[in-house]
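Here's the structure, in structure tokens; my notes come after.
This one's a predicted model, so the numbers in the text were calculated from it and none came from an experiment.
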Amino acid sequence: VLTIHPLHAGDATASSIDGHRLRMPPHAEEPPAALKVDLVAAAAALAAESGRPPFVPEEVAQSGIGALFRTLLMARHPLLAAQLGAAGDTPPLPREAPKRVGRSAEWLLAFSELCLYLQREAAGQGEEGMRMEDLVSELTLGEGASGTVRLARHRFSGRIYAVKIFDKARLAKGQNGRALLRYIEREREVLQLLSTKLRGDKTSAHMVRYVCSGQDGPTLRLVMPACLGGELWNVLAEFGAMSEAEARFYAGCLTLALQKLHAIGVVYRDLKPENVLLSHTGWPVIADFGLATVGSLDDRPLYSMCGTPEFMAPEVVRSLGYGPSADWWSLGVLICQCLTLATPFADPHGRAQMTFSNIVRGRVTAERSQHYRMVCSTHAVSLLDALLQPEPSKRLGDTRRDAGRIRVHPFFWGLDWQALEERRLTPPHADFCAHTAEKLLASHHTAPPERAGEGMELTAEQQQLFAHW
């Protein structure tokens, strides 16, 4: 791990470059010999400033670390890119490139950032300490009422991340804006909790992961790994109703995720196909934790009526107090939709109040050709009846009973749970997800200009709303 320290007055023994010195912290291990050579050579090059851009000496350019260093510097400093591009390493430099590149200390800082990343990557913690400045925006993945999602590439690793971008001006305006801000902050808090509680847990791969967050002048930003295979809804739209073997795979993955969430006190509250993303390899990932809440371990009931109407449990609709069992009801509705392409209680005309009435009364509205009791196997019907049990304490998966009973239900016979946890199975739509990701990344790589704050300048009081970001 490399750090930059100020050069104190009278400290003539320290190697200084523009008032900075390079030092290994006492707790850090000694770097490999090749890395030491590169540091010495790079420091010598930086010290030899003579009114022109610093250069990378031959000893550094020929080494592996030097190649990464060169790549970094070419990305951050176009003038050096042109200097090194003579060997065909980089595209031609635009004519309007600046004639002077910054102070040597900036180059040394850039090099230290790269070495720090390499050390973290070698320890399997490449995302630790990631900053917004480490990401380069590429294409816009989608735009919605709450904000924009862009893809960004990490400047060192090349990994793709999804960046949720929210307009501060909108968040600071009126009750709706403040409500949206609370939604965003709740998602960030839950994701940070999951990042802390599930570090190193294999099951965490079935939930979207927090990477970092931050802000610039007009926007808030929340960064997560990108899931480029689309949504579970896209699979249903493309292929129609699933076979029970396919539904078993997705239901198993979501069961692992819900059991882990409930074990650490998180109730998700909005499970539906649109909130289940797919990686480029086809593995499902629960996303969008804006309605999730923390604190179910103390058995205090929740009363907020929230979620998507046709996936809400009866106790949520009636506001009688609910807990983690509400998520298992939603899982039952999702499995039913995967098997029949219909949710069991939705009003045919899309009226939310009628849907709520159907849920409370247990009135299945699906047509005969999509009624799960008519088209599914005995084991599937048994599972859905157990998940769609109106009484929460009797519902399959309820934490007050044996939450592990769901894994031994006959519907899941034949599913290797250990192989599922270790991700040794092949997802049923892996090829489709790989093609979706490839098509998305090939579409374009130029990020359009970002809209900034709807032309509204924020007051100091409004900016204070975002101080903790």
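Between Y372 and V381, some side-chain heavy-atom pair lies under the 4.5 Å cut-off. Between D398 and W328, every side-chain heavy-atom pair lies at or beyond the 4.5 Å cut-off. In this structure the side chain of S369 never reaches within 4.5 angstrom of the side chain of M374, judged on heavy atoms. Using a 4.5 Å heavy-atom cutoff, the side chains of V235 and L278 are in contact. Within the 4.5 Å cutoff, the side chain of H349 has no heavy atoms near those of the M354 side chain. You'll find the side chain of V208 stays beyond 4.5 Å of the side chain of L194, heavy atoms only. At a threshold of 4.5 Å between non-hydrogen side-chain atoms, the residues L171 and F466 count as touching. At a threshold of 4.5 Å between non-hydrogen side-chain atoms, the residues T436 and N234 do not count as touching.
The distance between the ring centers of F356 and F345 does not fall below 6.0 angstrom. Under the 6.0 Å cut-off for aromatic ring centres, W417 and F412 qualify, their centroids lying closer than that. Ring centers of W329 and Y322: at least 6.0 Å apart, outside the cut-off. Under the 6.0 Å cut-off for aromatic ring centres, H429 and W283 do not qualify, their centroids lying 6.0 Å or more apart.
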With side chain to side chain contact (heavy atoms under 4.5 Å, CB included) as the test, would you mind laying out the steps for L135 and H154 before giving the verdict? CA-CA 5 Å; L135 298 172; H154 190 265; 4.2 Å; yes
Under the salt bridge (Lys or Arg N to Asp or Glu O under 4.0 Å) rule, what do E274 and K272 come out as? Steps first, then yes or no, please. CA-CA 6 Å; E274 292 87 343; K272 57 183 178 180; 5.1 Å; no
Please test L191 against V211 for side chain to side chain contact (heavy atoms under 4.5 Å, CB included), starting from the C-alpha separation and ending with a verdict. CA-CA 9 Å; L191 290 175; V211 176; over 6 Å; no
Walk me through it: do R199 and S195 pass the test side chain to side chain donor-acceptor pair (under 3.5 Å)? CA-CA 6 Å; R199 187 185 301 273; S195 178; 4.7 Å; no
Could you give me the CA-CA distance, side-chain angles and deciding distance for S213 and R188, then say whether side chain to side chain donor-acceptor pair (under 3.5 Å) is met? CA-CA 8 Å; S213 57; R188 186 175 75 143; 3.1 Å; yes
Stepwise side chain to side chain contact (heavy atoms under 4.5 Å, CB included) test for M242 and L236: CA-CA 7 Å; M242 293 183 183; L236 296 176; 3.9 Å; yes
Audit row: R209, S204, side chain to side chain contact (heavy atoms under 4.5 Å, CB included) steps and yes/no: CA-CA 8 Å; R209 191 171 71 253; S204 65; over 6 Å; no
Evaluate side chain to side chain donor-acceptor pair (under 3.5 Å) for E244 paired with H379, printing each intermediate quantity in order. CA-CA 10 Å; E244 292 193 4; H379 292 333; over 6 Å; no
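Remark: side-chain polar atoms of R153 are paired, donor with acceptor, to backbone N or O of G158 under 3.5 angstrom. Looking only at distances, no side-chain donor or acceptor of E421 sits under 3.5 Å from a matching main-chain atom of Q418. Checking side-chain atoms of E143 against main-chain N and O of T148 turns up no donor-acceptor pair under 3.5 Å. Looking only at distances, a side-chain donor or acceptor of E246 sits under 3.5 Å from a matching main-chain atom of S243. Judged purely by atom type and a 3.5 angstrom limit, T365 uses its side chain to pair as donor or acceptor with the backbone of A346.
Rounded to the nearest 0.5 Å, atoms CG (L271) and CG (D288) are 11.5 Å apart. Once rounded to the nearest 0.5 Å, the distance linking CZ of R395 with CD1 of I406 reads 11.5 Å. The CG atom of L254 sits 10.5 Å away from atom CG of L261, with the distance rounded to the nearest 0.5 Å. A distance of 12.0 Å separates CZ in F249 from SG in C338, rounded to the nearest 0.5 Å. We find the CG-CG distance between L220 and L181 to be 7.0 Å, quoted to the nearest 0.5 Å. With rounding to the nearest 0.5 angstrom, the CG atom of L331 is 11.5 Å from the SG atom of C336.
A salt bridge between E189 and R182 is absent, with no side-chain N of the basic residue lying under 4.0 Å from a carboxylate O of the acidic one. Taking 4.0 Å as the cut-off between side-chain N and carboxylate O, R269 and D327 do not count as a salt-bridged pair. A salt bridge is defined here as a Lys NZ or Arg NE, NH1 or NH2 lying under 4.0 Å from an Asp or Glu carboxylate O, and R131 with D134 meets this definition.
The shortest heavy-atom contact between V316 and A326 is CG2-CB, 3.8 Å. A pairwise comparison of heavy atoms in L339 and A247 identifies CD2-CB, 3.6 Å as the closest pair. Among all heavy-atom pairs drawn from P301 and G321, the shortest one is CB-CA, 3.8 Å. Across Q370 and A366, no two heavy atoms sit closer than the pair O-CB, 3.7 Å. Looking at every heavy atom in both residues, P390 comes nearest to P392 through O-CD, 3.2 Å. When every heavy atom of L334 is checked against every heavy atom of P273, the shortest pair comes out as CD1-N, 3.7 Å.
Cation-pi geometry between R248 and W413 is not met: the NZ or CZ atom fails to fall both under 6.0 Å from the ring centre and inside 45° of the normal.
For the residue pair T308/D270, the side-chain donor-acceptor check at 3.5 Å is satisfied. Between E438 and H280, the side chains place no donor N or O within less than 3.5 Å of an acceptor N or O (distance only, hydrogens not considered). Under the 3.5 Å distance criterion, with hydrogens and angles disregarded, a donor-acceptor pair is assigned to the side chains of Q463 and K168. A donor-acceptor contact under 3.5 angstrom links the side chains of Q259 and R407, judged on distance only. Side-chain polar atoms of T219 and R221 form a donor-acceptor pair below 3.5 angstrom. Using a 3.5 Å distance cut-off with no hydrogens or angles, the side chains of Y183 and R178 do not pair a donor with an acceptor.
With a 6.0 Å radius and a threshold of 12 heavy atoms from other residues, nucleotides or ligands, E133 has its CD atom above the threshold. More than 12 heavy atoms of other shown residues, nucleotides or ligands fall within 6.0 angstrom of atom CG in D385. Heavy-atom contacts from other residues, nucleotides or ligands closer than 6.0 Å to CZ of R423 number more than 12. Counting heavy-atom neighbours within 6.0 Å of W469 CH2, excluding the residue itself, gives a total above 12. Within 6.0 Å of CD on E391 lie more than 12 heavy atoms contributed by other residues, nucleotides or ligands. Surrounding CZ of R363 are more than 12 heavy atoms belonging to other residues, nucleotides or ligands, all under 6.0 Å away. Counted within 6.0 Å of CD on Q192, heavy atoms from surrounding residues, nucleotides or ligands total more than 12; the atom is thus considered enclosed. Within 6.0 Å of atom CG in D416, more than 12 heavy atoms from other residues, nucleotides or ligands are found, so the atom counts as buried in its surroundings.
For residues 334-347, every residue pair satisfying the side-chain hydrogen bond (donor to acceptor under 3.5 Å, both in side chains) rule, not counting sequence neighbours, is listed here: E310-T343, D347-R351.
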